[in-house]
Amino acid sequence: MNLSSSLKDKLLSEKDKVLNSKSNSVIRTRFSKVKNDKIGNGILSNKSFLIKDNIAIKNEKLTCCSNILKGYISPFSATVIDKIIENGGLITGQTNCDEFAMGSSSEYSIFGPVKNPHNEKLVAGGSSGGSAAAVAENLSDISLGSDTGGSVRQPAAFCGIYGFKPTYGRISRYGLVSHASSFDTIGIMSKKLDDIIKTFYVVSGKDPKDSTSVDHKKESLKNLSKKSLPKTVGVIKDDILNSIDVEIKDRYLFLVSNLKESGVKIKEIDLPFFKHVIPTYYVLTMAEASSNLSRYDGIRYGNRSSSKDLNQLYVETRSKGFSDEVKRRIMTGTYVLSSGYYDAYFSKALKVRRLIKKSYNQLFKSTDSILLPSTPELPFKIEDRSKDPMKMYFADIFTVTSNLVGNPALNIPCGFSKKDLPIGLQIISNSFNEETLFNFAHSLKERNIFD
Ligand code: GLN
């Protein structure tokens with residue numbers, strides 16, 4: 001396909017910005033290959049996309065920012081990539097992330113840490129930190145990330161952009177490298193809400209290649225793009241609000257009072273099982289990860305050690321191929337699945353997950369949307385938490401529930417702190433009700449309350 005001269009100029013300017021970027025967000029570009037893609041003509045025409053390095057693009061490297069896949073080239077494209085290209089989108093490169101999407105700061109990467117474009121001493125969040133930082137720096141219109149426990153919403157909050165996690169099963173996972181399969185979703189980031197909605201419209205839907213994708217009624221673009229506030233919004237109480245960064249709390253309360261003035265019914269809620277969501281999430285995702293990552297044995301994928309003894313080959317390949325955080329999760333996941341501990345940990349966590357899901361189903365009977373902070377704190381310093389896994393895990397306290405339950409959620413950029421750091425708040429809605437989220441966010445944007 002011949003690209004128009006204005007499109008060539010756009011791509012040249014984005015390429016130039018990537019070359020001059022200091023955030024370490026983009027690890028590979030493919031600007032020169034774009035014209036060889038069979039680009040269709042659709043609602044994503046002329047929109048550029050950067051893709052997290054755990055989503056497959058045919059004939060491109062796919063490393064998940066891990067040594068074990070260094071040099072691996074994908075023989076096929078993810079369904080989302082095919083749909084984007086068919087609808088006119090341009091895939092311009094790939095982004096840095098935490099190894100196998102395990103982390104909350106994008107520091108655990110063989111390519112080095114992603115830096116926050118608003119302050120280079122701070123993290124961009126994770127694990128899709130490269131995708132968030134790149135959009136914040138205008139290196140592309142839109143980016144894709146993966147959200148297993150908050151990895152799209154938390155970095156979007158840290159970088160000051162929109163970050164959307166769909167209902168589980170809404171967007172095909174075919175071609176997304178598995179982390180924890182019953183939690184994994186592909187998410188969308190952009191500075192423009194319209195671009196998120198259009199991309200969602202294009203990439204959502206049942207995919208025969210992903211048996212967990214769901215055949216659910218698709219709303220029209222017109223309905224998704226409406227502006228309307230929900231009738232009832234659930235808000236959290238002081239006990240939780242008092243434990244978070246005070247500037248995020250202030251922004252939260254400001255939005256709540258604004259909604260009240262606009263006639264929205266505000267309902268104070270207790271977040272069901274709030275204390276238990278982090279342990280439940282980590283027990284279950286580590287168990288799933290330990291099983292998913294067993295495929296990297298040096299035989300079928302990626303790098304292989306040179307040992308002649310088969311057992312030694314497995315041990316050496318995996319010892320050299322994975323870094324500490326991934327090993328920690330494989331070992332903990334294997335432990336909670338082992339015969340003596342299965343009932344005490346894995347099976348118990350499954351039961352708690354079911355209870356959480358039941359409580360949220362109940363909650364959504366009387367509230368259309370829930371408003372939460374996206375993060376308990378503002379972006380933290382690089383190296384501040386990378387050696388303290390427990391501290392890192394608590395960065396996800398407000399995001400993991402949507403992955404445990406499966407419902408959709410959206411980070412909304414809500415202005416800046418006194419030190420000019422982005423603040424994000426999160427709206428969530430009932431499963432398969434993305435329309436409510438988008439209409440709500442559109443309405444807030446129209447009111448310009450954070451400008
Ligand atoms: N930070 C969370 C974790 O490390 C979420 C990861 C994700 O959503 N990919 O598990």
Side-chain angles (χ1 to χ4, degrees), residues 51-55 64-66 95-109 113-114 123-132 143-158 163-166 168 171 173 176-189 277-290 292-293 322-333 336 349 353 374-377 379-380 384-411 424 426 428:
I51 310 296
K52 186 175 181 177
D53 190 26
N54 65 348
I55 299 173
C64 298
C65 297
S66 176
T95 56
N96 202 352
C97 60
D98 285 300
E99 183 177 355
F100 285 101
M102 298 176 185
S104 309
S105 66
S106 301
E107 293 172 279
Y108 305 139
S109 161
V114 179
V123 301
S127 62
S128 316
S131 296
S143 65
L144 296 187
S146 61
D147 193 312
T148 301
S151 279
V152 161
R153 290 159 286 155
Q154 185 255 19
F158 278 9
F164 164 69
K165 172 222 174 275
Y168 181 82
I171 295 179
R173 291 186 293 118
L176 167 68
V177 175
S178 297
H179 164 179
S181 312
S182 76
F183 293 74
D184 293 342
T185 58
I186 290 181
I188 308 164
M189 302 186 195
V277 294
I278 290 283
T280 309
Y281 168 82
Y282 278 98
V283 166
L284 293 175
T285 55
M286 287 181 185
E288 292 191 22
S290 74
N292 275 325
L293 270 61
F322 296 129
S323 57
D324 288 354
E325 179 58 26
V326 175
K327 284 180 193 160
R328 185 179 295 121
R329 294 191 189 210
I330 292 173
M331 286 190 287
T332 316
V336 301
R353 185 182 196 182
S374 292
T375 61
E377 71 259 295
F380 46 87
D384 194 41
R385 310 207 171 166
S386 47
K387 304 234 159 36
D388 186 344
M390 288 310 282
K391 246 173 142 185
M392 192 72 98
Y393 298 163
F394 275 90
D396 306 317
I397 184 95
F398 291 116
T399 49
V400 295
T401 304
S402 293
N403 303 77
L404 282 161
V405 174
N407 58 348
L410 175 71
N411 174 70
Q426 187 187 189
I428 68 181

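Whatever order the structure lists ligands and atoms in, that order sets their numbers, starting from 1. Every value quoted in this text rests on a predicted model; they were computed, and no experiment measured them. Quick note: numbers below take in every heavy atom, side chains included, and nothing from hydrogens, waters or symmetry partners.
Residue Gly150 approaches ligand 1 through these ligand atoms, each under 4.0 Å from one of its heavy atoms: 8 (O). Set against the non-hydrogen atoms of Gly149, the atoms of ligand 1 under 4.0 Å away are 5 (C), 7 (C), 8 (O). Taking every heavy atom of Ala101 and a limit of under 4.0 angstrom, the matching atoms of ligand 1 come to 6 (C), 7 (C), 9 (N).
Aromatic rings of Phe183 and Tyr281 (six-membered ring for Trp) have centroids within the 6.0 Å cut-off, being under it.
Closest protein heavy atom to atom 6 (C) of ligand 1: Ser151 OG, 2.9 Å.
Residue contacts with ligand 1 leave out Tyr393, since none of its heavy atoms falls under 4.0 Å from the ligand. Residue-ligand proximity: Asp147 is placed with a non-hydrogen atom under 4.0 Å from ligand 1. Every heavy atom of Arg153 sits 4.0 Å or more from the atoms of ligand 1.
Considering backbone and side-chain N/O atoms, Asp396 comes within less than 3.5 Å of an N/O atom of ligand 1. The distance criterion of under 3.5 Å between nitrogen or oxygen atoms is met by Arg329 with respect to ligand 1. Taking any N or O of Gly103, backbone or side chain, at least one lies under 3.5 Å from an N or O belonging to ligand 1. Considering both main-chain and side-chain atoms, Gly126 never comes within under 3.5 Å of ligand 1 through any nitrogen or oxygen pair.
Remark: Thr95 OG1 to Lys52 NZ distance equals 7.5 Å, nearest 0.5 Å.
Using modelled atom types, no side-chain atom of Ser109 and backbone atom of Glu99 make a donor-acceptor pair closer than 3.5 Å. Side chain of Asn54 to backbone of Val177: no donor-acceptor contact under 3.5 angstrom is found. Judged by distance alone, with hydrogens and angles left aside, the side-chain atoms of Gln426 form no donor-acceptor pair with the main-chain N or O of Arg153 at under 3.5 Å.
The nearest non-hydrogen atom to atom 10 (O) of ligand 1, considering only Tyr281, Phe183, Phe100, Phe394, comes from Tyr281.
A side-chain donor from one of Arg353 and Ser182 sits under 3.5 Å from a side-chain acceptor of the other. Counting only N and O atoms by type, the side chains of Glu288 and Ser181 include no donor and acceptor under 3.5 Å apart.
Using bins of under 30°, 30° to 60° and over 60° for the plane-to-plane angle, the ring pair Tyr393/Tyr282 lands in the parallel bin.
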